[in-house]
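Structure first, then comments.
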There are 2 protein chains.
Amino acid sequence: MTQNVYKQHDHHSCVDEALTRARRLCEQNGQRLTPVRQRVLEMVWANHKPVGAYDLLPKLAEEGFNSAPPTVYRALDFLLDLGLIHRISSLNAFIGCNHPGEDHPSCFFVCRECGKAQELDASLMRSLATKAEQDLGLKVEQQMTELMGLCPACQKEAS
Amino acid sequence: MTQNVYKQHDHHSCVDEALTRARRLCEQNGQRLTPVRQRVLEMVWANHKPVGAYDLLPKLAEEGFNSAPPTVYRALDFLLDLGLIHRISSLNAFIGCNHPGEDHPSCFFVCRECGKAQELDASLMRSLATKAEQDLGLKVEQQMTELMGLCPACQKEAS
DNA sequence: ACAATTCTGTTATATTATAACCTAAACTTT
DNA sequence: AAAGTTTAGGTTATAATATAACAGAATTGT
């Protein structure tokens with residue numbers, strides 16, 4: 001079951017599991033999880049907030065990695081291709097995927113206060129795609145949904 | 001009823017209606033549909049393809065308008081605020097809205113071949129938001145969905 | 001007519017992303 | 001292990017998208 005990022009959880013194991021999944025997925029696909037790629041993935045998973053490409057550059061630099069834009073974009077593109085991360089278009093930012101490997105629509109809620117993003121169940125998205133295909137004869141290949149608003153904690157603070 | 005942009009239609013009346021709705025909406029809200037704003041809206045409606053801000057600049061220049069980025073972004077922001085256009089985040093582009101005034105999620109299909117975008121019925125989006133609010137206690141304030149794929153005509157050409 | 005507000009002009013710059021070309025590392029075949 | 005092939009990374013430059021900040025003009029309200 002997809003966890004709730006707005007509740008307390010063992011975040012260390014969160015990241016661990018993401019890395020384990022990543023390693024397995026790379027192996028299955030004959031891809032290499034190189035040091036830059038792995039560190040970028042870990043950084044994306046640092047908290048549950050979508051992270052911008054240019055936020056990663058200085059962090060990579062600190063660790064002695066090369067830090068020009070192409071480095072980070074290549075790593076991000078690699079992770080996107082494998083489905084290990086999603087891109088949040090409305091924020092120009094990237095977030096870890098909870099169930100890579102399974103082909104699925106990108107569907108997130110982002111809290112406008114704390115910035116944390118929760119991946120949502122995408123079954124309604126699939127229905128939407130099916131409906132569009134049936135009603136209008138479209139062929140849907142990709143889809144993304146982004147919701148914005150307040151998470152439970154930030155609603156309380158606002159009141 | 002929302003029309004189907006992938007079928008032949010009287011596009012002139014398409015634009016006309018959009019302008020009429022815009023004028024009415026501005027009046028209702030005490031806003032001014034100035035020349036730049038109106039031309040930008042017309043240009044966004046020129047065809048059913050999402051248009052980038054920087055595509056508009058030279059067109060405005062041709063017509064003697066000032067053409068620096070802030071000019072077009074201001075007009076676009078104005079139109080967005082009134083709900084007369086939507087932003088397609090995954091394309092950094094803008095498209096006319098079929099039913100401005102009614103507050104509704106942005107929900108589009110974009111054909112990757114011909115580039116035309118069709119606004120879709122957003123009721124399933126609303127269900128998704130409601131579900132997220134009920135299940136996770138979120139407060140959804142905005143939402144957008146973008147589907148990509150092939151429209152009926154472009155599917156035929158591909159075969 | 002005056003003040004207040006809204007809109008536009010202008011310059012500069014921030015932010016996000018990619019092109020192009022070259023070097024290095026890793027796999028592959030013998 | 002050597003040679004060839006593929007894949008990944010380094011580097012420089014630049015493209016594409018978006019906003020800040022401030023001044024001046026037009027419009028609105030009184």
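To find a chain, count down the sequence lines: A is the first, B the second, and so on, and within it residues start at 1.
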Calculate the interatomic distance between B/Leu57 atom CG and D/dA16 atom P; express it in whole Å.
13 Å

Evaluate the ring planes of A/His86 and A/Phe108, with Trp represented by its six-membered ring, and classify them as parallel (under 30°), tilted (30 to 60°) or perpendicular (over 60°).
perpendicular

Without decimals, in angstroms, what is the distance between B/Leu80 CG and D/dT19 P?
10 Å

Round to the nearest Å and state the distance from B/Ile88 atom CD1 to D/dT17 atom P.
15 Å

Please report, rounded to the nearest Å, how far the P atom of C/dA25 is from the CZ atom of A/Arg32.
11 Å

Would you compute the distance between atom CG of B/Leu120 and atom CE of B/Met125 and round it to the nearest 0.5 angstrom?
8.5 Å

Please list every donor-acceptor pair under 3.5 Å in which a side-chain atom of residues 25-33 of chain A meets a protein atom from a residue at least two apart or in another chain.
none

Specify the angle, to 10°, made by the local axes at the two ends of the helix from C/dA1-D/dT30 to C/dT30-D/dA1 when five pairs are taken at each end.
40°

Whole-Å distance separating the CD atom of A/Gln38 from the P atom of D/dA8
15 Å

Does B/Glu63 have any salt bridge (Lys or Arg N to Asp or Glu O under 4.0 Å) partners at least two apart in sequence or in another chain, and if so, which?
B/Arg39

side-chain contact (heavy atoms from CB on, under 4.5 Å) partners of B/Ala68, counting only residues at least two apart
B/Asn66, B/Pro70

Can you give one letter per nucleotide of nucleotides 8-16 of chain C, 5' to 3': B if a protein heavy atom sits under 4.0 Å from the base, S if only from the sugar-phosphate, - if neither?
BBBB----B

note: B/Leu82, atom CG; C/dC7, atom P; distance rounded to Å ~ 10 Å

Quiz: residues 145-159 of chain A side-chain donor-acceptor pairs under 3.5 angstrom, not counting sequence neighbours:
residue: A/Thr145; atom: OG1; partner: B/Thr145; partner atom: OG1; Å: 2.9
residue: A/Glu146; atom: OE1; partner: A/Ser90; partner atom: N; Å: 3.0
residue: A/Glu146; atom: OE1; partner: A/Ser90; partner atom: OG; Å: 2.4
residue: A/Glu146; atom: OE2; partner: A/Ser89; partner atom: N; Å: 2.8
residue: A/Gln155; atom: NE2; partner: A/Leu150; partner atom: O; Å: 3.0
residue: A/Gln155; atom: NE2; partner: A/Cys151; partner atom: O; Å: 3.4
residue: A/Gln155; atom: NE2; partner: B/Gly137; partner atom: O; Å: 2.7
residue: A/Ser159; atom: OG; partner: A/Lys156; partner atom: O; Å: 2.7

Please verify the inter-ring angle class for A/Tyr73 with A/Phe94; under 30° counts as parallel, over 60° as perpendicular, anything in between as tilted.
perpendicular

From CG of A/Asp81 across to P of D/dT7 the rounded distance in Å is 13 Å

If I take atom CD in residue B/Gln31 and atom C1' in nucleotide C/dT6, what distance separates them, rounded to the nearest angstrom?
10 Å

We want to know whether B/Glu119 and B/His48 form a side-chain donor-acceptor pair, criterion being a heavy-atom distance below 3.5 angstrom.
no

Does B/Leu91 belong to the same Ile/Leu/Val/Met/Phe/Trp/Tyr cluster as B/Tyr54, with side-chain heavy atoms less than 4.5 Å apart forming each link?
no

